[in-house]
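Take a look at the structure set out below.
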Number of protein chains: 2
Amino acid sequence: MGVTIKDIAKAAEVSYSTVSKALRDSPLVKEPTKQKIIKIAHQLGYQPNVAARSLVSKKSQTIGVVWPTIERVTHSALVTGLNKQLEELSYTTLISINEMEDAINTFNRYQVDAIVAFNEKNSREPAKSTVPIVTYGIAHEDSPFPTVDVNRKQAIQTAVDHLARTGHRSISYIGDMVQEDHLQEEKVEGFRQAIKDYDLELNSTSIIKVNDLASYDGYEAMKELLKKTDHPSAVISGSHDLSKGILRAIQEAGRSIPEDISIISYDNIPATEDLELPLSTVGVPLSTITEKLSEILIALINEETVEQSIYLKPELNITQSCKAWNGGETNE
Amino acid sequence: MGVTIKDIAKAAEVSYSTVSKALRDSPLVKEPTKQKIIKIAHQLGYQPNVAARSLVSKKSQTIGVVWPTIERVTHSALVTGLNKQLEELSYTTLISINEMEDAINTFNRYQVDAIVAFNEKNSREPAKSTVPIVTYGIAHEDSPFPTVDVNRKQAIQTAVDHLARTGHRSISYIGDMVQEDHLQEEKVEGFRQAIKDYDLELNSTSIIKVNDLASYDGYEAMKELLKKTDHPSAVISGSHDLSKGILRAIQEAGRSIPEDISIISYDNIPATEDLELPLSTVGVPLSTITEKLSEILIALINEETVEQSIYLKPELNITQSCKAWNGGETNE
DNA sequence: CACTCAAATAACAACGTTGTTATTATTGTA
DNA sequence: TACAATAATAACAACGTTGTTATTTGAGTG
């Protein structure tokens with residue numbers, strides 16, 4: 001059924017090794033011959049057989065992505081971005097949603113050139129792999145693979161830093177921390193520390209926990225917060241979805257952004273144009289993450305050494321949703 | 001680097017062809033030898049090389065899934081389910097998030113045994129494929145591949161049917177239909193027709209359009225609806241997410257389900273246990289879809305003929321969120 | 001103890017491709 | 001016109017595996 005290089009050879013009346021060279025654009029074959037072969041290959045709808053090719057070349061030009069929990073949407077934008085990036089580097093991306101270990105085995109059998117794993121739950125014993133692996137996520141020291149992670153703590157600190165420098169004294173953080181999720185803890189930790197560093201007030205409404213990461217939770221939390229007479233002049237939100245709800249609550253309450261309240265949202269998503277108001281964000285841009293990941297992948301494939309742990313630095317992106325604070329409270 | 005059967009052969013002091021047979025549990029090799037070989041293979045961490053294997057066997061025991069828009073979460077549960085199902089049939093699943101045509105080419109090169117494509121946008125020219133394909137989604141007649149689809153129209157009709165039979169006269173449908181989305185239209189169409197068939201009233205609040213499919217949209221829509229004095233006795237929701245918002249709105253308004261209002265949600269998701277109240281649903285269970293898809297895949301691989309278009313029949317699942325209606329309005 | 005017959009294992013071809021080596025065709029030069 | 005030197009193409013081995021065919025080993029029999 002499949003048309004092979006030999007079929008082309010027959011049709012073009014040359015040897016199959018010439019066809020191979022012609023299709024790989026080798027200078028060893030004369031231009032007219034090359035053209036003829038390419039044309040015939042195209043006519044016959046030839047698709048090279050990866051099995052055969054990677055068998056001999058020991059390379060598959062393919063990267064495996066281990067992504068066990070597709071249902072949590074967190075990483076989908078990242079996977080999409082990575083896919084695009086790798087495509088430009090002429091790599092094909094394959095995704096497996098099996099458990100880390102199974103997925104790695106599958107990819108090993110498939111002779112992918114390297115693997116990216118989304119290390120959600122701290123994986124137990126590292127799977128044996130003949131293929132280099134880079135993980136994205138919680139970078140614990142004893143990880144058997146190089147890890148790329150986002151510095152969440154620093155992100156929130158950066159946000160507080162900006163707000164404090166622009167006069168805000170009363171800042172709240174709204175985030176989810178119900179699930180014993182290390183990633184979320186890190187953000188809260190960053191908040192606490194920054195508040196302390198700037199000697200800002202820390203009271204019962206400074207850190208507001210929400211139950212889930214949906215937009216509605218942000219909405220409710222902000223609604224509650226606005227009921228208090230002494231609500232903060234700035235709010236930092238732990239996720240994009242929460243921020244959506246927060247914006248709604250503020251608008252519904254007839255307050256205005258940034259006059260009454262400034263907002264900064266933790267975020268990795270590229271744009272954020274689905275909102276009426278362009279949101280100030282802090283976080284590592286998706287493109288930075290995908291660039292770093294592909295860079296490491298390529299390095300690993302070329303058997304270069306790479307750093308064991310890489311913490312990407314968040315970037316602050318301030319828009320109309322933030323404003324310096326000089327009213328309301330007594331300034332010194 | 002990779003361990004091959006020849007390495008095992010050397011270690012076990014047998015020929016490599018014997019190793020091959022032993023590992024495939026052939027009766028042609030003596031039991032003790034077999035055990036010895038298997039043990040050594042395990043020790044060395046042997047992983048068969050798919051490239052070589054599929055080169056000779058022309059089978060890869062792999063199914064490719066074409067899923068260009070992972071960011072829309074709609075299909076993630078389905079992919080997860082399908083993956084599990086295929087795993088049980090000892091097939092490996094690979095996912096590509098490239099455009100249909102690219103993805104199909106990739107999978108062809110990889111010699112997957114068959115392909116499932118999520119046909120979101122009506123794809124233009126069908127890609128050439130040497131591998132059988134089944135699409136999931138809009139089943140238009142001239143599709144070049146067999147298609148599995150869910151009968152959304154019938155789903156909503158079934159819901160109306162149930163409500164009408166249990167005494168409801170005033171029923172609303174809340175759904176998203178802003179994007180010119182054929183799938184959504186189908187549901188509305190089903191609603192209209194069923195209302196007509198049962199000669200129920202159809203007024204300005206019978207069909208409520210929402211802008212998006214998020215929970216918040218359902219919340220807002222329901223809140224509005226409840227303000228009216230003559231609100232419906234039953235609501236059909238176009239999606240799971242909308243339903244979540246609808247529930248909240250009803251609870252917030254101090255109404256009770258199902259005493260004041262009955263609810264049926266369109267849904268394919270397996271459980272729905274994240275809600276306080278078990279929701280009545282109508283839709284094709286995910287397991288039915290994945291079973292049908294794998295069934296067709298296997299048939300295609302075995303070169304059996306399959307139906308061109310398959311419309312899966314929705315199932316109605318009534319729980320506490322529904323109750324017969326006999327109060328309020330004047331009954332005949 | 002030779003001799004058949006089956007059991008166990010070994011050897012080999014094939015899958016489609018690439019890289020290397022061998023052969024043939026084509027040119028340029030004396 | 002003969003002879004290198006080079007360009008173009010062909011032939012072949014190899015990749016790791018499987019299925020088929022060939023060889024060896026070990027019983028069982030007269």
Side-chain angles (χ1 to χ4, degrees), chain A residues 1-38 40-41 44-62 92 105 107-113 130-131, chain B residues 1-38 40-41 44-62 92 105 107-113 130-131:
Chain A
M1 36 145 231
V3 23
T4 77
I5 190 176
K6 296 193 181 176
D7 299 323
I8 300 172
K10 211 167 288 173
E13 296 177 309
V14 292
S15 78
Y16 67 85
S17 60
T18 304
V19 174
S20 168
K21 287 171 189 52
L23 293 178
R24 312 219 81 212
D25 200 24
S26 158
L28 294 176
V29 26
K30 211 165 46 168
E31 195 56 37
T33 327
K34 203 185 278 185
Q35 290 310 324
K36 188 174 73 176
I37 291 174
I38 289 172
I40 293 179
L44 298 180
Y46 170 75
Q47 287 287 344
N49 180 322
V50 237
R53 179 178 281 181
S54 75
L55 185 58
V56 51
S57 71
K58 304 238 191 194
K59 290 272 172 245
S60 60
Q61 287 288 313
T62 304
T92 299
N105 283 338
F107 285 142
N108 270 292
R109 285 197 296 272
Y110 265 91
Q111 309 256 115
V112 300
D113 295 342
T130 60
V131 168
Chain B
M1 38 148 230
V3 180
T4 78
I5 67 175
K6 296 193 180 177
D7 299 323
I8 300 173
K10 211 167 288 172
E13 297 177 309
V14 292
S15 79
Y16 68 86
S17 59
T18 304
V19 174
S20 169
K21 286 171 190 51
L23 293 178
R24 312 218 82 211
D25 200 23
S26 158
L28 294 176
V29 25
K30 213 170 38 171
E31 195 55 36
T33 326
K34 203 185 280 185
Q35 290 310 324
K36 187 173 75 177
I37 291 174
I38 289 173
I40 293 179
L44 298 180
Y46 171 74
Q47 286 288 343
N49 179 321
V50 234
R53 179 177 280 181
S54 76
L55 183 58
V56 50
S57 72
K58 305 239 191 192
K59 291 273 172 244
S60 61
Q61 287 289 312
T62 304
T92 299
N105 283 338
F107 285 143
N108 270 291
R109 285 197 298 271
Y110 265 90
Q111 309 258 116
V112 299
D113 295 341
T130 60
V131 168

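Every chain is numbered from 1 and lettered A, B, ... according to where its sequence line falls, protein lines coming before strand lines.
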For A:Thr4 and for A:Leu28, locate the closest nucleotide of DNA chain C by heavy-atom distance; then report the residue assigned to the nucleotide nearer the 5' terminus.
-> A:Thr4
Heavy-atom closest pair, residues A:Leu23 and A:Ala41 = CD2-CB, 3.9 Å
5' to 3' contact window, DNA chain D with chain B (heavy-atom distance under 4.0 Å) = D:dG16 to D:dT20
Would you mind reading off the distance between B:Glu31 atom CD and C:dT9 atom C1', rounded to a whole angstrom?
-> 16 Å
Name each donor-acceptor pair under 3.5 Å that joins a side chain in residues 8-16 of chain B to protein atoms two or more places apart or in another chain, with its distance.
| from | atom 1 | to | atom 2 | distance (Å) |
| --- | --- | --- | --- | --- |
| B:Ser15 | OG | B:Ser17 | OG | 3.1 |
| B:Ser15 | OG | B:Thr18 | N | 3.4 |
| B:Ser15 | OG | B:Thr18 | OG1 | 3.1 |

Would you call A:Ile37 and A:Ile40 a side-chain contact if the rule is heavy atoms closer than 4.5 Å?
-> no
Earlier contact from the 5' end, DNA chain C, for B:Pro27 and A:Lys6 | B:Pro27
Protein-nucleotide distance (B:Lys34, atom NZ; C:dT9, atom C1'), rounded to Å = 14 Å
Between the main-chain N or O of A:Ser54 and the side-chain N or O of A:Ser60, is there a donor-acceptor pair closer than 3.5 Å?
-> no
Given axes from five pairs at either end, by how many degrees does the helix from C:dC1-D:dG30 to C:dA30-D:dT1 bend, rounded to 10°?
-> 70°
Donor on one side chain, acceptor on other, B:Thr62 and A:Tyr110, under 3.5 Å | yes
Might you work through the side chain to side chain contact (heavy atoms under 4.5 Å, CB included) test for B:Leu55 and A:Asn49, ending with a clear yes or no?
-> CA-CA 8 Å; B:Leu55 183 58; A:Asn49 180 322; 4.1 Å; yes
Which heavy-atom pair separates A:Tyr46 from A:Ile5 by the least distance, and what is that distance?
-> CE1-N, 3.8 Å
Looking at B:Asp113 and B:Gln61, what are the two nearest heavy atoms and their distance?
-> OD2-N, 2.8 Å
With a 4.0 Å cut-off on heavy atoms, is B:Ser54 in touch with a base, just the backbone sugar-phosphate, or nothing at all?
-> nothing
Checking all strands, does A:Ser57 fall into the base, sugar-phosphate, or nothing category for heavy-atom contacts under 4.0 angstrom?
-> nothing
